[in-house]
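Everything on this sheet refers to the single structure shown next.
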There are 2 protein chains.
Amino acid sequence: MSYSREAMVELLRKHGISPTHQRLEIAHVLFSRCEHLSADRILALTNERFAETSKATVYNTLNLFRDRGLIREVIVDPKRVFYDPNTQPHHHLYNVDTGEITDIAADALEISGMPALPPGMVTEGVDVIVRIRAL
Amino acid sequence: MSYSREAMVELLRKHGISPTHQRLEIAHVLFSRCEHLSADRILALTNERFAETSKATVYNTLNLFRDRGLIREVIVDPKRVFYDPNTQPHHHLYNVDTGEITDIAADALEISGMPALPPGMVTEGVDVIVRIRAL
DNA sequence: GGCTTGAGTTAGACAAAGTCCAATCTTTAG
DNA sequence: CTAAAGATTGGACTTTGTCTAACTCAAGCC
Ligand SMILES: [Mn+2]
Ligand SMILES: [Mn+2]
Ligand SMILES: [Zn+2]
Ligand SMILES: [Zn+2]
């Protein structure tokens, strides 16, 4: 999951995104780890060494990456959105005590009995969230 | 799903909640319809006839009802929490265009292949969200 | 090299959801 | 009825995220 600078530039270009310095920094933060990070944390990590990216740019970039299908949002905590560099279909284990989010492989879970959709509707995705806690 | 005033008082008492005027109004709003309402909308509906309940009380009461297991939260929209008067296990269909949330009966969906949990962990719940859209 | 142009970045104002607090009011036990 | 405990309130505050108008910067052209 770790990309060279050049590979990252290619990745962005392939998704129709101009590879600016800030976008590459943010992409690096996202793709160099397989975690589920909040915007806040991405901002902090991006500016860890040198403060060079603004909050507005982080939000702009995350929304751009999401719209272009580079990353996806994980909605489990009402307080903030998490960003997932893994856009393959998969599910999540959510530790409600610690806030930790872990992946569940898509093929691990079998879901059957999907209701028929109203005509003219399509399924955009199926998210399974397994909420767990200590004890 | 419609309760008389007396039945509502009993319901709250059974959950260890003093049945104040405001709480009964809010409970009425929640339990007289089988919908998934936001705090904002609950506030508006509660004060539809007479403005008599504050925003703080609506939030206090929703959190209290949730903690006591009278209602549950539905986390599908990063912008706001929805409150569900149905605490039985069940799942949700989420129309991403309109924001509409519909129930899927628990026994309609079959989920198999749950991952083994780390020792000392228990599953608090499994939420399936089927995101759908037009086209 | 200078100039133009358009895309990208930015600080800071703004908005919306939700929490907190100290003063006040209501409920309830006795 | 009374007093203590519990509930409610307006408004300040916090947090997450969006918006805007000014500014920066790289690319293409001369
Ligand atoms: Mn968003
Ligand atoms: Mn909440
Ligand atoms: Zn994931
Ligand atoms: Zn429901």
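Chain letters run A, B, ... following the sequence lines, proteins first and then strands; every chain starts at 1. Because the structure is predicted, anything quoted here is derived from the model rather than measured.
Criterion: ILVMFWY side-chain heavy atoms under 4.5 Å apart, direct or through other members. Under it, L64(B) and V29(B) are part of a common hydrophobic cluster.
If you check dT9(C), dG18(C), dA7(D) against the side chain of T20(A), the one that comes closest is dT9(C).
Proximity of a side-chain donor or acceptor of R23(A) to a complementary backbone N or O of T57(A) within less than 3.5 Å is not detected. Of the possible donor and acceptor atoms, none in the side chain of R133(A) sits under 3.5 Å from a partner among the backbone N and O of E124(B). No donor-acceptor pair under 3.5 Å is formed between the side chain of R131(B) and the backbone N or O of D127(A). No donor-acceptor pair closer than 3.5 Å links the side chain of R80(B) to the backbone N or O of L37(B). Side-chain atoms of N47(A) come within 3.5 Å of backbone atoms of E52(A) as a donor-acceptor pair (strictly under, hydrogens ignored).
To the nearest 0.5 angstrom, Y83(A) atom OH is 10.0 Å from L30(A) atom CG. From H91(B), atom NE2 reaches atom CG of D107(B) across 9.5 Å, with rounding to the nearest 0.5 Å.
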Please produce a list of atom pairs where a protein N or O lies less than 3.5 Å from an N or O of nucleotides 23-26 of chain D.
none

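Contacts of P19(B) with the nucleic acid, taken as non-hydrogen atoms under 4.0 Å apart, involve only primed sugar atoms and P, OP1 or OP2. Backbone-only engagement by S18(A) is indicated by non-hydrogen atom pairs under 4.0 Å involving sugar-phosphate atoms exclusively. Residue contacts for R41(A): at a heavy-atom cut-off of 4.0 Å it reaches no nucleic acid atom on any strand shown.
As rounded to whole Å, 13 Å separates atom C1' of dG18(C) from atom CD1 of I75(B). Atom CG of N63(A) is separated from atom C1' of dT18(D) by 9 Å (rounded to the nearest Å). As a whole-Å value, the separation of L37(B) CG from dA17(C) P is 14 Å. What separates CZ of R80(A) from P of dT16(D) is a distance of 6 Å, to the nearest Å. As a whole-Å value, the separation of N47(A) CG from dT9(C) C1' is 13 Å. For K79(A) and dA17(C), the NZ to P distance is 14 Å, given to the nearest whole Å. Distance R23(B) CZ to dT9(D) C1': 14 Å, rounded to the nearest Å. Between the CZ atom of R66(A) and the C1' atom of dT18(D) there is a distance of 12 Å, rounded to whole Å.
Regarding contacts with the backbone of dT26(C), every side-chain N or O of Q22(B) stays at 4.0 angstrom or more from both OP1 and OP2. Contact annotation: R13(B) does not reach the phosphate of dT27(C) (side-chain N/O to OP1 or OP2, under 4.0 Å).
Within residues 48-59 of chain B, the residues having any heavy atom closer than 4.0 Å to DNA chain D are, in order of number, E52(B), T53(B), S54(B), K55(B), A56(B), T57(B).
Under the 3.5 Å distance criterion, with hydrogens and angles disregarded, a donor-acceptor pair is assigned to the side chains of H92(B) and D103(B).
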